[in-house]
Amino acid sequence: MDKKYDSLNKDQKKAVLHTEGPLLILAGAGSGKTRVLTHRIAYLIEEKKVAPWNILAITFTNKAAKEMRERVDSLVGSGSEDIWVSTFHSTCVKILRRHIDKIGYDRYFTIYDTDDQKKLIRDCMKQLNVDPKQFKENSILSSISSAKDKLLTPKKFEKQAYEYRDQVVSKVYTMYQDRLKKNNALDFDDLLVKTVEVFRLCPDVLSYYQDKFRYIMVDEYQDTNHVQYIFVGLLASRYKNLCVVGDDDQSIYRFRGADISNILDFEKDFRNAEVIKLEQNYRSSKNILEAANQVISNNYGRKNKTLYTDNESGDLINYRCLQNEQAEAEFMAGEIIKGIESEGRDFKDYAILYRTNAQSRVIEERFILNNIPYKIVGGTSFYQRREIKDILAYLKTINNSTDDIAVKRIINVPRRGIGTTTINKVENYAYNNDVNFFDALCEVSQIPNMTRSSKKVGAFTHFIKVLRVEMATMSLVDLTNEVIERTGYVKELEAEGTDEAHGRIDNIGELISKLTEYENNEEEPTLNGFLEEVALIADIDNYNEETNVVVLMTMHSAKGLEFPCVFISGMEDGLFPSYMSISSGQQEDIEEERRLCYVGITRAKQKLYLLGANSRMIRGMTQYNQVSRFIKEINNKLFDLEYTKPVQDMPNEKTSFRKNAHSFLKSNPYVVKKNANKMPAPGNFTLNYEVGDLVKHMKFGIGEVLAIQPGGADYEVTVNFPSAGVKKLMARLANLKKA
DNA sequence: CGTAGTTTTGTTTTT
DNA sequence: CAAAACTACG
């Protein structure tokens with residue numbers, strides 16, 4: 001056997017060599033599970049002589065899939081391109097593109113994202129006269145989605161809808177599903193549901209894939225939902241060479257239907273399943289790992305395992321409660337600068353993790369001010385931007401005119417004088433004659449009282465039809481440029497002339513380059529193929545750890561990643577754990593948050609900061625939160641108390657019952673008070689300018705110094721720039737030169 | 001039909 | 001605090 005397998009530890013090796021029959025690998029955080037998976041695939045191909053095309057590996061993100069393929073490549077040399085390594089969703093799309101016609105769908109279906117789903121649901125509610133005040137589309141959407149997860153068809157759902165609300169949902173669900181089919185569209189849940197449907201209705205198709213995928217591996221098994229569980233079960237039922245990898249402590253997608261019992265009951269589902277635990281952590285320092293273990297030990301119903309590491313104890317954990325979210329951001333910026341200047345760190349060594357995407361804003365503002373390069377992963381992603389969705393809607397309309405949602409999106413964008421009254425008339429006509437929206441538009445002359453707008457509608461449908469013909473002889477980039485040109489989309493933005501409009505134009509340029517990239521990389525680039533790729537992409541897929549920038553993301557997005565230094569921002573009750581999880585009163589909700597905390601902590605290799613703010617602006621309201629309960633679950637011996645300085649002024653008496661970091665630590669027996677009040681000196685450098693001087697800044701140009709204040713290890717300099725206004729800068733970062 | 005101005009609403013997390 | 005939804009007017 002090749003010596004590359006010798007680098008594995010005993011348990012890892014056991015997992016690699018166990019190739020036949022069901023296998024559950026309980027892989028703790030940082031225990032090298034990706035190494036195990038890649039080596040296992042290599043072993044199957046090299047030593048067991050399994051054909052690469054007989055292997056299916058399912059990962060959580062496209063990024064993970066790509067990485068896995070690359071790593072297998074470097075282990076086995078070649079052949080990895082024939083392995084199916086992809087996410088659940090892309091795997092299903094691949095299967096459905098070949099076989100969905102067997103259950104009465106068109107193989108060129110489009111994929112609806114959450115935005116599209118919401119619009120369609122709203123249309124259905126309108127049609128059914130469901131009061132949107134009484135029934136929120138979001139809650140209806142999540143009911144429908146969870147019904148699909150459980151493989152409840154509209155018919156089955158109707159049968160068990162006893163309550164009034166369920167009956168309403170049932171009506172909407174039935175119509176929604178019907179409209180999806182008419183639009184020749186599938187939503188995310190459908191990708192799984194329809195694949196299972198194909199498998200169940202067409203035994204020959206199922207049989208083909210069972211035989212093809214003799215060896216199946218599923219990563220992040222703790223986050224699979226019911227359909228995914230059924231999907232895997234169906235595929236693996238013939239050979240039973242199913243290897244699932246997961247960690248029940250890292251199950252963080254319950255809100256999306258993930259069912260933790262899939263992993264907890266694996267041994268029941270597959271008798272004689274082998275179970276291997278990977279408990280040695282190679283990632284984090286002892287202190288960090290111990291903190292993580294302490295937090296997670298407060299959960300019930302876990303698989304019994306304890307992570308250990310041979311790594312050094314490392315630094316203590318830096319827990320701090322700052323005055324407000326601005327101070328929190330400022331502190332992070334300062335620490336990063338310090339690390340770069342005095343510890344030789346790079347920007348890319350740092351990750352900032354938070355509970356909610358909204359928290360990124362303040363941090364982003366601070367980083368811009370301090371010239372810290374950063375990248376935000378998640379939130380409103382590129383493909384969710386209005387201008388991008390608009391252009392894509394044109395492409396979708398050209399690609400598939402039955403996609404009502406896309407057509408409606410662009411029918412009057414840019415304005416061409418087709419307003420709500422016209423649209424309503426066309427909509428009614430479409431509904432009454434059971435045709436698609438675009439077809440109705442084409443038959444505009446049949447619709448009564450439409451003399452005025454029929455000309456404009458005709459021009460629009462003609463435009464689309466022309467492009468549809470031209471498409472055959474054009475590249476995708478040319479087609480898109482043609483759309484932009486002939487609609488005057490960019491021209492209109494130029495006329496606006498605002499910063500925002502220019503940003504949108506830049507984004508459209510970015511879309512063009514993504515199209516170019518797609519056309520260059522793909523052997524057979526098609527419009528449909530591009531739209532599919534776009535639909536299934538997640539923001540994390542574009543994250544590149546090589547780029548030397550600080551990365552900001554939610555703890556959910558950070559799963560599977562690791563960084564030398566990690567900040568977790570917003571360690572406050574009500575934010576993390578979230579208000580929702582506290583107020584629901586359900587133990588499970590808090591436990592899920594705790595698992596998320598465990599995920600967050602275990603991302604750190606060397607240095608961990610847990611930060612909170614005394615007050616924080618949330619949705620326009622200032623909130624005073626208590627210290628997160630998760631902080632209290634960590635033994636104070638692990639905190640670097642030297643840096644846990646007290647929060648001085650409380651905002652007012654009303655909030656005095658809330659514990660701040662200081663009073664908590666004071667009342668805690670573990671606390672050894674050590675220089676608790678000492679502020680770090682302003683550092684060993686001096687400023688060569690003073691108040692009243694003119695200074696020069698890289699970005700803002702020349703300005704006048706209004707004030708200089710010592711703050712932490714640095715000076716905060718207030719400068720009035722004629723071009724940019726008054727800015728507060730950290731002296732170390734701003735690199736101001738006397739002018 | 002389009003616009004500007006006003007009111008309401010919402011936030012966990014995402015393939 | 002924003003974005004979305006609504007309202008009133010030309």
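Naming: A, B, ... by sequence-line order, numbering from 1 per chain. Computation of the quantities below employed the complete heavy-atom set of this structure, encompassing side-chain atoms and omitting hydrogens, waters and symmetry-equivalent molecules.
Remark: A/Thr554 is in phosphate contact with B/dT14, judged by side-chain N or O atoms under 4.0 Å from OP1 or OP2. At the phosphate of B/dT14, OP1 or OP2 sits under 4.0 Å from a side-chain N or O atom of A/Asn357. Within the structure, every side-chain polar atom (N or O) of A/Arg386 is placed at least 4.0 Å from both OP1 and OP2 of C/dA3. Taking 4.0 angstrom as the limit, A/Asn138 places none of its side-chain polar atoms (N or O) nearer than this to OP1 or OP2 of B/dT9. Applying the 4.0 Å criterion to OP1 and OP2 of B/dT13, one finds that A/Arg254 has every side-chain N and O outside that range. In this structure, A/Arg122 reaches the C/dA5 phosphate: one of its side-chain N or O atoms is under 4.0 Å from OP1 or OP2. Phosphate contact (OP1/OP2 of B/dT15, side-chain N/O of A/Thr61, threshold under 4.0 Å): absent.
Residue A/Ser628 comes nearest to A/Phe576 through the heavy atom pair OG-O, 2.9 Å, listed as atom of the first residue, atom of the second, then distance.
B/dT12 atom P lies 16 Å from atom OH of A/Tyr253, rounded to whole Å. Taking atom CG of residue A/Asp116 and atom C1' of nucleotide B/dT15, one finds them 15 Å apart after rounding to whole Å. Counting to the nearest Å, the C1' atom of B/dT13 and the CG atom of A/Asn225 are 16 Å from each other. Regarding A/Ile618, its CD1 atom lies at a distance of 17 Å from the P atom of B/dG10, rounded to whole Å. A/Glu492 places its CD atom 11 Å from the P atom of B/dG2, with the value rounded to the nearest Å. Note: CD1 (A/Ile582) to C1' (B/dT12) measures 12 Å, nearest angstrom. Here the P atom of nucleotide B/dT13 and the CG atom of A/Asp223 are 16 Å apart, to the nearest Å. Between the CD1 atom of A/Ile590 and the P atom of B/dT12 there is a distance of 14 Å, rounded to whole Å.
Remark: DNA chain B takes part in the stems B:1-10 with C:1-10, each of 3 or more antiparallel Watson-Crick or G-U pairs, criterion distances under 3.5 Å.
Between A/Tyr209 and A/His99, the ring planes lie perpendicular to each other; the angle is over 60°, past the 30° to 60° tilted range.
Picking from B/dT15, B/dT9, B/dT13 the nucleotide with the shortest atom distance to the side chain of A/His89 gives B/dT15. Residue A/Arg256 has its side chain nearest to B/dT14 when only B/dT12, B/dT14, B/dG2 are considered. Here B/dT11 is the nucleotide among B/dT15, B/dT14, B/dT11 with the atom lying nearest to any side-chain atom of A/Ala358. The side chain of A/Arg619 lies closest to B/dG10 when the candidates are B/dG10, C/dA2, B/dT15.
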Output a table of donor-acceptor pairs, distance under 3.5 Å, between side-chain atoms of residues 126-133 of chain A and any protein atom two or more places apart or on a different chain; print 'none' if there are none.
from     : atom 1 : to       : atom 2 : distance (Å)
A/Lys126 : NZ     : A/Glu427 : OE1    : 3.4
A/Asp131 : OD1    : A/Lys133 : N      : 3.0

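Residue A/Glu592 is out of contact with every strand shown, counting any heavy-atom pair closer than 4.0 Å. At the heavy-atom level, A/Met621 lies nowhere under 4.0 Å from the strands shown. The residue A/Asn412 sits close only to the backbone: its heavy atoms come under 4.0 Å of sugar-phosphate atoms, none of a base. Across all strands shown, A/Ser453 has no heavy atoms under 4.0 Å from either base or sugar-phosphate atoms. Across all strands, A/Lys136 comes closer than 4.0 Å only to sugar-phosphate atoms, never to a base (heavy-atom distances). Residue contacts for A/Phe60: at a heavy-atom cut-off of 4.0 Å it reaches the sugar-phosphate backbone alone, with no base atom in range.
Residue-to-nucleotide proximity on DNA chain B shows that, of A/Thr114 and A/Lys456, the 5′-proximal contact is made by A/Lys456. Residue-to-nucleotide proximity on DNA chain B shows that, of A/Ser578 and A/Thr420, the 5′-proximal contact is made by A/Thr420.
One N or O on the side chain of A/His556 and one on the backbone of A/Ile252 form a donor-acceptor pair closer than 3.5 Å. Using modelled atom types, one side-chain atom of A/Gln222 and one backbone atom of A/Asp247 make a donor-acceptor pair closer than 3.5 Å. A donor-acceptor pair under 3.5 Å links the side-chain atoms of A/Thr602 to the main chain of A/Val599, judged by distance alone. Judged purely by atom type and a 3.5 angstrom limit, A/Asp404 has no side-chain atom pairing as donor or acceptor with the backbone of A/Asn183. The backbone N or O of A/Lys425 lies less than 3.5 Å from no partner atom in the side chain of A/Asn428, so there is not a single donor-acceptor pair.
Heavy-atom distances under 4.0 Å link DNA chain B to no residue of residues 140-150 of chain A.
Heavy atoms of other residues, nucleotides or ligands lying less than 6.0 angstrom from OH of A/Tyr543 number more than 12.
Remark: ring of A/Phe255 stacked against base of B/dT13; centroid gap under 5.5 Å, plane tilt under 30°.
Just one residue in the list A/Arg385, A/Arg409, A/Lys396 forms a salt bridge (Lys or Arg N to Asp or Glu O under 4.0 Å) with A/Asp390, and that residue is A/Arg409. The salt bridge (Lys or Arg N to Asp or Glu O under 4.0 Å) with A/Glu593 is formed by just one residue from the set A/Arg254, A/Arg629, A/Arg355; it is A/Arg355.
Two rings, from A/Tyr253 and A/Phe60, have their centers less than 6.0 Å apart.
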